[in-house]
Amino acid sequence: MVHRILIVTAVAAEADSVAAGLGPGAPDPVPLPGGLALRRHGHVDVLVGGVGPAAVAAATGTALAYESLAGGGYGLVVSAGIAGGFQPAAPLGSVVVSSAIVAADLGAETPDGYLAVEELGFGRSVHPVPEALTGRITAALAAGGPSHVLAPVLTVSTVTGTAPRAAELAERHPEAAAEAMEGFGVAEAAAAHGVPVVEIRAVSNAVGPRDRAAWRIGEALGALRHTFELLGRTVLVEAHA
Ligand SMILES: O=C(O)c1cccc(C(=O)CC[C@H]2O[C@@H](n3cnc4c(=O)[nH]cnc43)[C@H](O)[C@@H]2O)c1
C-alpha cells in the first residue's frame, strides 16, 4: 500500500506557508471530527493541530485514526512550524531538522535537580527520528535551501523567556538547537500508530529573554515555505513511493 504523508502545524499561518511551498492543493478541505480540517496536496495532507503538545497530539491522533479507518494510512508524519533557536547553533531564519524530539519538561523537579520521566521509572521523553529520513531531508536542503542544522528539538509547554531558563535547558540538552511546543505531542500520536516522525522548524526568535519585538516571524515563515518547496519535490515524493 502507498501511504500518505501528514504535516501538522500549530497555527494557520504556519500551515499556509507549508501549503504555499507544496504548491496547489485541492480546493476544499476534508472535514475531520473535532472541527479539524485536512488540506490535501496530492499525497500530502496539511493539518492545523493547535498550540501545545496536548492539543496537537489529539489532532494528530484524530487524523491518523481517520485515515486508517478510511482504508489508507500515513507512512510519515511531520511536525512543522516556527521555533525558538538556541544561539549560536540556530540563527534566526535558519531551519532545524530534528535528530530527536525531546519533551524537555516532562519530568520532576527535585532538590537535586530535574529528573526526566525515564529516571522516575515511567514514560518516555525522547522520540528518535530515523537517520535515513533526516539524511534525505538535509541533503535536499543542502541543494539550495535555507541554512539548516540537524539537532534535537525540544518540546516545552512554556515558551522560554529568561536567560536562566535558557541556560538550564542548554545545560540539560547541550546538543539541542531549537524549542517549540508541539513536536513531542505529534510524535506520541505517530508512535501510537507506528508511523515515523520528524520535526522541521524555522527559527523566528532566539531562546532567551522574552523580546517579542525581535521575533522575525515573516522571515521564519518564508524559510518554512522554501523548505517545503524543496521537500515537496524530493523527500516527500520519495517517502510516498
Ligand atoms: O503572530 C503571527 O503572525 C504568528 C504567525 C505564525 C506563528 C505564530 C505563533 O505564535 C506560533 C506559535 C508556535 O511557535 C512556536 N514557537 C515559536 N517560538 C517559540 C519559542 O521560542 N519557544 C517555544 N515555542 C516557540 C511554538 O511551537 C508555538 O506553537 C504567530
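One-based numbering, in listed order, for ligands and for the atoms of each.
Under a cut-off of 6.0 angstrom, the local environment of CD in E119 is crowded, with over 12 non-hydrogen atoms contributed by other residues, nucleotides or ligands.
Residue-ligand proximity, V51 to ligand 1, at heavy-atom distances under 4.0 Å covers atoms 29 (O). The distance from ligand 1 to the heavy atoms of A13 drops below 4.0 Å at these ligand atoms: 5 (C), 6 (C). Residue A83 has at least one heavy-atom neighbour below 4.0 Å for each of these atoms of ligand 1: 16 (N), 17 (C), 18 (N), 19 (C). In summary, the atoms of ligand 1 found under 4.0 Å from a heavy atom of A10, numbered by their order in the structure, are 29 (O).
From the protein, the heavy atom lying nearest to atom 23 (C) of ligand 1 is E179 OE2, 3.3 Å. Looking at atom 27 (O) of ligand 1, its nearest protein heavy atom turns out to be E182 OE1, 2.5 Å. Protein heavy atom closest to atom 19 (C) of ligand 1, with residue, atom name and distance, is G84 N, 3.3 Å.
In this structure, the separation between CD on E14 and CD1 on I217 is 9.0 Å, given to the nearest 0.5 Å.
Taking distance alone, with nitrogen or oxygen atoms compared against 3.5 Å, M181 approaches ligand 1 more closely than that limit. Considering backbone and side-chain atoms together, T160 places no N or O closer than 3.5 Å to any N or O of ligand 1.
For atom 10 (O) of ligand 1, the choice among E14, R212, R210 with the nearest heavy atom turns out to be R212. Within the set I217, L221, V11, the minimum heavy-atom distance to atom 3 (O) of ligand 1 is found for I217.
Put simply, atom 12 (C) of ligand 1 has no protein non-hydrogen atoms near it, under 4.0 Å away.
Taking all atoms of both residues into account, the shortest heavy-atom contact from G232 to L22 is CA-CD2, 4.1 Å. Among all heavy-atom pairs drawn from A220 and I82, the shortest one is CB-CG2, 3.8 Å. Shown here for L230 and G144, the closest heavy-atom pair between the two residues is CD1-C, 4.1 Å.
Side chain of H43 to backbone of L236: a donor-acceptor contact under 3.5 angstrom is found.
At a threshold of 4.0 Å, the pair R39-D16 counts as salt-bridged, since one of the basic side-chain nitrogens sits closer than that to a carboxylate oxygen.
Only the side chain of N205 comes within 4.0 Å of ligand 1, judged by heavy-atom distances. Here E199 has no heavy atoms under 4.0 Å from ligand 1, in either its backbone or its side chain. In A180, the parts holding a heavy atom less than 4.0 Å from any atom of ligand 1 are both the side chain and the backbone.
Contact between I82 and ligand 1 is present, with at least one heavy atom of the residue lying under 4.0 Å from the ligand. Not a single heavy atom of G81 sits closer than 4.0 Å to an atom of ligand 1.
Each of L221, L231, T9, V44 was evaluated against V18; a single residue qualifies, T9, per the side chain to side chain contact (heavy atoms under 4.5 Å, CB included) test. Each of L150, V153, V129 was checked for a side chain to side chain contact (heavy atoms under 4.5 Å, CB included) with V97, and the lone residue meeting it is L150. For the side chain to side chain donor-acceptor pair (under 3.5 Å) test with R201, the passing option among H148, E182, E179 is E182; the others fail.
By the 4.5 Å heavy-atom criterion applied to side chains, H3 and Y74 are not counted as neighbours.
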